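Written out below as structure tokens is the structure these notes cover.
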There are 2 protein chains.
Amino acid sequence: MERKTRQRDAIWLALERASRPLGPQEVLERARQEVPRLGIATVYRNIKALVAAARLRVVELPGVPDRYEVAGKDHHHHFHCRSCDGVFEVETCSDDFDQVTPAGFYLERHEVTLYGLCASCAL
Amino acid sequence: MERKTRQRDAIWLALERASRPLGPQEVLERARQEVPRLGIATVYRNIKALVAAARLRVVELPGVPDRYEVAGKDHHHHFHCRSCDGVFEVETCSDDFDQVTPAGFYLERHEVTLYGLCASCAL
DNA sequence: GTCGTTGCAAAGCGTTTGCAGCCTA
DNA sequence: TAGGCTGCAAACGCTTTGCAACGAC
């Protein structure tokens, strides 16, 4: 991450503009509007570097490939649409998971994923 | 799932005996103690069939390959120990996820994964 | 004997890596 | 001009599929 390149800019821009976490393929498609000859390997390499630099956060969802979003957002979780495969942010997190943690266990963090149909697909 | 075979029995037995969800490779290793020439493709095909028959449940954990457990247990989630990589069941679940679901979205199900240290590793 | 099931190998699919050439600093 | 970065293609690991042989019923 030493040099500034058109490719890296395009990849970052794609993620910054997105309203939801993106997968590498989605990043490629969007970034190619800026750099048509962009390769998928470059997307993977830059995503990896951006995650290492803590500028991106990995969104790990059960059963599907990892997606990425810009780091620094408030605590939130995701809604995974089974129809369009899109991933959307869920604002709040009401639950207290300490109370369901077994005795003796040390709870550090939690992931919640909601499944169903997004607003568009539910129509 | 029409015929009873040694392979299918061995695969089912491996999952039934396990105290935690298993991945396909783990199932293969255990089932080969019964059927040494068992192939990984057969494991995948049978797991798929058993899931379709609702005799197995898919345990989808973020970031790691799917694991499988015998179906029919009460609603529960999992605690994933970052130290020993073990997966433990979490009994209860205070579901209030409808209220955090965005307007227009149709919520069908949810997954919760807790991370931290299990009782043994937390000592 | 039928045809569901199996084992092997090949094919997919998403991700990573090797390498020669490119281009930023 | 050095060497980080890129695009291409090959390599990878995991999962699925094609196919001929096997074996449950």
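Throughout, protein chains are lettered first and strands after them, A, B, ... in sequence-line order, and every chain is numbered starting at 1. As the structure is a prediction and not an experimental result, all values here were calculated from the model.
- Take A/R45 and apply the side-chain hydrogen bond (donor to acceptor under 3.5 Å, both in side chains) test, not counting sequence neighbours, and it matches no residue.
- A heavy atom lying under 4.0 Å from DNA chain C marks the following residues of residues 26-38 of chain B, by number: B/R37, B/L38.
- Between A/F105 and B/F88, the two ring planes are perpendicular [angle over 60°; tilted spans 30° to 60°].
- Partners of A/Q25 according to the side-chain hydrogen bond (donor to acceptor under 3.5 Å, both in side chains) rule, which considers only residues two or more places apart in sequence or in another chain, do not exist here.
- With sequence neighbours excluded, no residue satisfies side-chain hydrogen bond (donor to acceptor under 3.5 Å, both in side chains) with A/D66.
- Against DNA chain C, the stretch residues 45-55 of chain B makes heavy-atom approaches under 4.0 Å through B/R45, B/N46.
- Residue A/I40 contributes atom CD1, which lies 16 Å from atom C1' of D/dA10 at whole-angstrom precision.
- The side-chain hydrogen bond (donor to acceptor under 3.5 Å, both in side chains) search around A/E2 returns none, not counting sequence neighbours.
- In this structure, A/E34 pairs ionically with A/R17, as a charged nitrogen and a carboxylate oxygen lie closer than 4.0 Å.
- Take B/T5 and apply the side-chain contact (heavy atoms from CB on, under 4.5 Å) test, not counting sequence neighbours, and it matches B/Q7, B/R8.
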Restricting to nitrogen or oxygen on both sides, can you table the protein-nucleotides 21-23 of chain D pairs closer than 3.5 Å?
{"unit_1": "D/dG23", "atom_1": "N2", "unit_2": "B/R3", "atom_2": "NH1", "d": "2.4"}

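- In this structure, B/R8 places its CZ atom 15 Å from C1' of C/dG7, rounding to the nearest Å.
- In this structure, B/R3 has no side-chain contact (heavy atoms from CB on, under 4.5 Å) partners at least two apart in sequence or on a different chain.
- Pairs passing the salt bridge (Lys or Arg N to Asp or Glu O under 4.0 Å) check and including a residue from residues 21-32 of chain A, sequence neighbours excluded, read A/R20-A/E26.
- Remark: B/T5 is in phosphate contact with C/dT6, judged by side-chain N or O atoms under 4.0 Å from OP1 or OP2.
- Remark: A/R109 engages A/E60, A/E111, B/Y115 in a side-chain contact (heavy atoms from CB on, under 4.5 Å) (not counting sequence neighbours).
- For A/E2, counting side-chain heavy atoms from C-beta on, the closest listed nucleotide (D/dC5, C/dT6, D/dA9) is D/dC5.
- Distance, B/M1 CE to D/dA24 P: 16 Å, rounded to whole Å.
- Taking B/Y68 as the reference, nothing meets the ring pair (Phe, Tyr, Trp, His ring centres under 6.0 Å) condition, with sequence neighbours excluded.
- A/Q7 has its CD atom 11 Å from the C1' atom of C/dT24, to the nearest Å.
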